[in-house]
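First comes the structure, then the notes that go with it.
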Amino acid sequence: MTTTPAPAGTAPDPRARPVLTVEDLTVVYEVDEPVTAVKNADLTLHRGEILGLAGESGCGKTTLAYAINRLHRPPARIASGRIAFHDASGDDIDILSLEDAELRAFRWNKLSMVFQGAMNALNPVATVRAQLRDTLLAHRPRMTRKEIRHRSEDVLRRVGVDPRRLGSYPHELSGGMRQRVMIAMAMLLEPQIMIMDEPTTALDVVVQRDILREIVRLREELDFAVVFITHDLPLLLEISDRIAVMLDGEIVELEAADRLYRDARHPYTRRLLGSFPSLSGSRGAFIRTGVDETETPAATATEEPS
Ligand SMILES: Nc1ncnc2c1ncn2[C@@H]1O[C@H](COP(=O)(O)OP(=O)(O)OP(=O)(O)O)[C@@H](O)[C@H]1O
Ligand SMILES: [Mg+2]
């Protein structure tokens, strides 16, 4: 099933069937003085949308992302809530009650994640080719060598990495290229949702813009939904359809990006917007449109030197 994404930065049709719903989710770290890192969170992710998740360090963004993927480990515990994945096939999957084997099949296939600091998460002693192949074979054991080669080359091309890099080890790639490989890995099985936790924070701004442009383009091409996590609100205003703002474990505001920019309701969101003096004029759109007056030739390169 394909749906038409809502125009950039506007709210999607609320009648459209979402791809993910999180209801009343509470996650507690059971340490000496328990920390409730996510409090009664409600979230709906629409098919094909980019949902930004903003909030200061320690507000619970990563904890929420891990819980959605059931990647949380003790002392983290899901104290309450429901997380439902609404498959394109029409099935509803209750993520919190999946058995281990079902969960392994679900991850990467339906929902994948690019982790905070992911560029250091590649296996240092395996080539890019081996890492892509292992992920493919773990989920599609009947794939032929030729199919694996084609798919691996295709995902690398899509994220702007020359397929000749398949033979490279992670240390032979620049940080930006490693991050692109992680994004390629997350796209490998064509999931319906990609959760990206600060995927570009460690990169310089030119490489960051380049990768973001790529993500926005891929989303339009392949129609997956993205949860994009960062504390960088101006960046979210540029790329997101809707933005959720978290404060001390609570989602205090969830609004279409243009509406949030013009008319934020929560005092914390207004404070957050006010703390970026460069936020003036119309909502920036160079990443979506590719038009950027400050663009330098380096900003349009698809592959930065290692
Ligand atoms: N293993 C842990 N044990 C106890 N508390 C934890 C643990 N991991 C995280 N926390 C606490 O949970 C809260 C939320 O942390 P989380 O990492 O989800 O925040 P975040 O919004 O992703 O922050 P950042 O922007 O710095 O990545 C913080 O108060 C943190 O101290
Ligand atoms: Mg985090």
Side-chain angles (χ1 to χ4, degrees), residues 20 22-43 45 50-81 83 95-96 107 111-122 175 178-179 182-183 185-186 193-205 208 211-212 215 225-240 242-255 257 260 264 266-276:
L20 183 83
V22 175
E23 286 176 280
D24 195 31
L25 185 72
T26 297
V27 186
V28 181
Y29 287 99
E30 301 285 8
V31 284
D32 286 348
E33 285 183 36
V35 178
T36 306
V38 177
K39 295 173 195 157
N40 309 106
D42 290 314
L43 201 66
L45 179 67
I50 298 183
L51 177 71
L53 182 57
E56 65 199 4
S57 184
C59 71
K61 304 180 296 296
T62 296
T63 305
L64 175 60
Y66 269 58
I68 290 174
N69 222 337
R70 285 262 306 273
L71 281 166
H72 61 287
R73 294 284 169 268
R77 180 177 68 85
I78 294 184
S80 75
I83 307 174
I95 296 179
L96 295 185
R107 282 193 201 125
L111 187 159
S112 67
M113 185 154 168
V114 178
F115 298 95
Q116 199 163 4
M119 61 192 217
N120 302 316
L122 287 165
R178 285 202 297 271
Q179 197 64 339
M182 289 307 299
I183 294 167
M185 190 92 97
I193 302 174
M194 279 171 58
I195 300 181
M196 301 190 159
D197 191 359
E198 307 265 13
T200 56
T201 309
L203 304 173
D204 73 68
V205 286
Q208 183 184 51
I211 293 183
L212 288 170
I215 293 168
V226 178
V227 179
F228 196 100
I229 301 175
T230 177
H231 53 263
D232 187 341
L233 190 57
L235 186 147
L236 283 186
L237 285 164
E238 289 197 49
I239 66 166
S240 308
R242 291 186 306 149
I243 297 178
V245 178
M246 266 184 106
L247 172 64
D248 290 340
E250 284 181 65
I251 296 176
V252 294
E253 187 147 13
L254 175 54
E255 217 22 284
L260 186 111
H266 197 278
Y268 174 69
T269 313
R270 288 208 289 270
R271 240 181 31 238
L272 212 54
L273 286 166
S275 65
F276 294 100

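All heavy atoms count here, side chains included; hydrogens, waters and symmetry mates do not. Remember, it's 1-based here, ligands and their atoms both numbered in the order they're listed.
- Within the protein, the number of N/O/S atoms found under 2.8 Å from the Mg ion (ligand 2) is 2.
- Atom-to-atom distance recorded for L236:CG and I243:CD1 is 5.0 Å, nearest 0.5 angstrom.
- With M113 as reference, N69 is the one residue of N69, V227, I68, I193 to meet the side-chain contact (heavy atoms from CB on, under 4.5 Å) rule.
- L235 CG to T230 OG1: the interatomic distance, rounded to the nearest 0.5 Å, is 6.0 Å.
- The single protein non-hydrogen atom nearest to atom 25 (O) of ligand 1 is K61 NZ, 2.8 Å, given as residue, atom name and distance.
- Ligand 1 is approached by Q116 to a heavy-atom distance shorter than 4.0 Å.
- Evaluation of the side-chain hydrogen bond (donor to acceptor under 3.5 Å, both in side chains) rule for H231 yields E198 as partners, not counting sequence neighbours.
- Nearest non-hydrogen protein atom to atom 16 (P) of ligand 1 is T63 OG1, 3.5 Å.
- Distances from atom 28 (C) of ligand 1 to the protein include at least one heavy-atom value under 4.0 Å.
- For the pair R242 (side chain) and I50 (backbone), a donor-acceptor distance under 3.5 Å is absent.
- With hydrogens left out, the protein atom closest to atom 17 (O) of ligand 1 is T62 CB, 3.9 Å, a heavy atom.
- Between P75 and ligand 1, a contact under 3.5 Å exists for no N or O pair.
- Side-chain N or O atoms of T26 include none that pairs as donor or acceptor with a backbone N or O of K39 at under 3.5 Å.
- Listed by chain and number, the residues in a side-chain hydrogen bond (donor to acceptor under 3.5 Å, both in side chains) with T200 are Q208 (sequence neighbours excluded).
- Side-chain N/O atoms of T36 and Y29 include no donor and acceptor closer than 3.5 Å.
- The closest donor-acceptor contact from the side chain of D42 to the backbone of D24 lies under 3.5 Å.
- Within the 3.5 Å criterion, the main-chain N or O of A54 finds no donor-acceptor partner in the side chain of K61.
- Comparing A54, S57, P34 against atom 24 (P) of ligand 1, the shortest heavy-atom distance belongs to S57.
- Atom 12 (O) of ligand 1 is flagged as protein-proximal [any protein heavy atom, distance under 4.0 Å].
- Looking only at distances, a side-chain donor or acceptor of R107 sits under 3.5 Å from a matching main-chain atom of R70.
- Take Y66 and apply the ring-ring contact (aromatic ring centres under 6.0 Å, His included) test, not counting sequence neighbours, and it matches F115.
- Within the listing of ligand 1, atoms 12 (O), 13 (C), 14 (C) sit less than 4.0 angstrom from a heavy atom of A37.
- Nearest protein heavy-atom contact of atom 23 (O) of ligand 1 is G58 N, 2.8 Å.
- Contact between G60 and ligand 1 is present, with at least one heavy atom of the residue lying under 4.0 Å from the ligand.
- The closest protein non-hydrogen atom to atom 3 (N) of ligand 1 is Y29 CD2, 3.6 Å.
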